[in-house]
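Since the structure comes first, as structure tokens, the remarks are kept for the end.
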Number of protein chains: 2
Amino acid sequence: MDRGNAFAANCPTRQLLDRVADKWSVLVLLILGDGDMRFGGLKRRVEGVSQKMLSQTLRSLERDGLVTREVTPTMPVMVTYGITPLGRELLSALRSMIDWAETSMVKVVAAQRSYDARP
Amino acid sequence: MDRGNAFAANCPTRQLLDRVADKWSVLVLLILGDGDMRFGGLKRRVEGVSQKMLSQTLRSLERDGLVTREVTPTMPVMVTYGITPLGRELLSALRSMIDWAETSMVKVVAAQRSYDARP
DNA sequence: CAGCATCCATGACGATACTG
DNA sequence: CAGTATCGTCATGGATGCTG
């Protein structure tokens, strides 16, 4: 058995799912899927993320082998992030998810309104 | 513009993403994608979820219009959950994500080990 | 059976200040 | 520029006990 089962509580897949099914991770991976980017650039693209969360997210993703981190020892330092082949495998699923979210948003907001308005 | 942008901080898509990119939501939707199920059944299938989290997750998903909730006034009450057409649209993306997670788990654990073992 | 209410601990997260 | 460190707050989520 070299395949996980996300429904099992003790399976590492559960932790992985929790990591990957995360707002900031999804957004960061999607951006890096379009090309490498530096810390500041990511911070600007992912509106509203704090540098703490961004740095935390990037470190997690790097640790999981989904993101690369390259330091160019200029002055000041330049750090470039990229996506690994493993991370790239996940990309199409994430894109579908975001695509669904962006197109369904209106319907969901309507559903919420009707839910909140009922007796 | 009736399409959201998840990268914009103030766009409702951001909240939607946060809701949908959630461990419990993903697992619940995947199960309901295979057929209706009652509360107890879901609790049993999603190992490790507390009834509080499950009930909270289900209410959110119902409010967002992704899940249906049907009460049969027997004694004791019977509550059946199902997936809506809107929720079903999301299913393939979620399935891809879980599939990736379950197959990539081993590689990710290896990446973590090598990350943790480095100077 | 399917929950809500309550309490409580952990930790997620933002704001701020400081480094190489 | 790209972070780390620290602090304070608020939310997340488990445990428990109670209802129709």
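Lettering follows sequence order; numbering is per chain, from 1. If you're wondering where the values come from, they're calculated on a predicted model, not measured in any experiment.
Scanning both residues, A:Gly41 and A:Met37, for their nearest heavy atoms gives C-SD, 3.5 Å. The nearest pair of heavy atoms linking B:Ile83 to B:Leu66 is CG1-O, 3.5 Å. Taking all atoms of both residues into account, the shortest heavy-atom contact from A:Leu86 to B:Ser104 is CD1-OG, 3.8 Å. In plain terms, the two heavy atoms of B:Gly33 and B:Leu91 that are nearest each other are CA-CD2, 3.5 Å. For the pair B:Arg14 and B:Ala6, the tightest heavy-atom approach, listed with the atom from each and the gap, is NE-O, 2.8 Å. Between B:Ala93 and A:Ser96 the shortest heavy-atom distance is CB-CB, 3.5 Å.
In this structure, B:Tyr81 does not reach the C:dC1 phosphate: none of its side-chain N or O atoms is under 4.0 Å from OP1 or OP2. The side chain of B:Arg59 contributes an N or O atom lying less than 4.0 Å from OP1 or OP2 of C:dC4.
Between the CE atom of A:Met53 and the C1' atom of D:dA5 there is a distance of 16 Å, given to the nearest Å. When the P atom of C:dA5 is taken as reference, atom CD of B:Gln56 falls 12 Å away, rounded to whole Å. Straight-line distance from the CG atom of B:Leu58 to the C1' atom of C:dG3: 11 Å, rounded to whole Å. In this structure, CG of B:Leu54 is placed 13 Å from C1' of C:dC1, rounded to the nearest angstrom.
With respect to A:Glu62 and A:Arg19, no salt bridge is recorded, no charged nitrogen being found less than 4.0 Å from a carboxylate O. Taking a cutoff of 4.0 Å between a charged side-chain nitrogen and a carboxylate oxygen, B:Asp22 and A:Lys23 do not qualify as a salt bridge.
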Heteroatom pairs (N/O) under 3.5 angstrom, protein to nucleotides 15-19 of chain C:
unit_1	atom_1	unit_2	atom_2	d
C:dT16	O4	A:Gln51	NE2	3.1

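By the side-chain contact (heavy atoms from CB on, under 4.5 Å) test, A:Thr80 pairs with A:Asp36, A:Arg38, A:Met78, sequence neighbours left out.
Within a heavy-atom distance below 4.0 Å of DNA chain D, the residues of residues 69-79 of chain A found are A:Arg69, A:Pro76, A:Val77, A:Val79. Contact check of residues 6-42 of chain A against DNA chain D (heavy atom, cut-off under 4.0 Å) returns A:Arg38, A:Phe39, A:Gly40.
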Throw together a table of side-chain donor-acceptor distances under 3.5 angstrom for residues 45-59 of chain A, partners on residues two or more places apart or in other chains.
unit_1	atom_1	unit_2	atom_2	d
A:Glu47	OE1	B:Ala9	N	3.4
A:Ser50	OG	A:Met53	N	3.2
A:Ser55	OG	A:Arg59	NH2	3.3
A:Thr57	OG1	A:Met53	O	2.7

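Each side-chain hydrogen bond (donor to acceptor under 3.5 Å, both in side chains) pair with one or both residues in residues 65-75 of chain A, not counting sequence neighbours, appears once here: A:Arg69-A:Tyr81.
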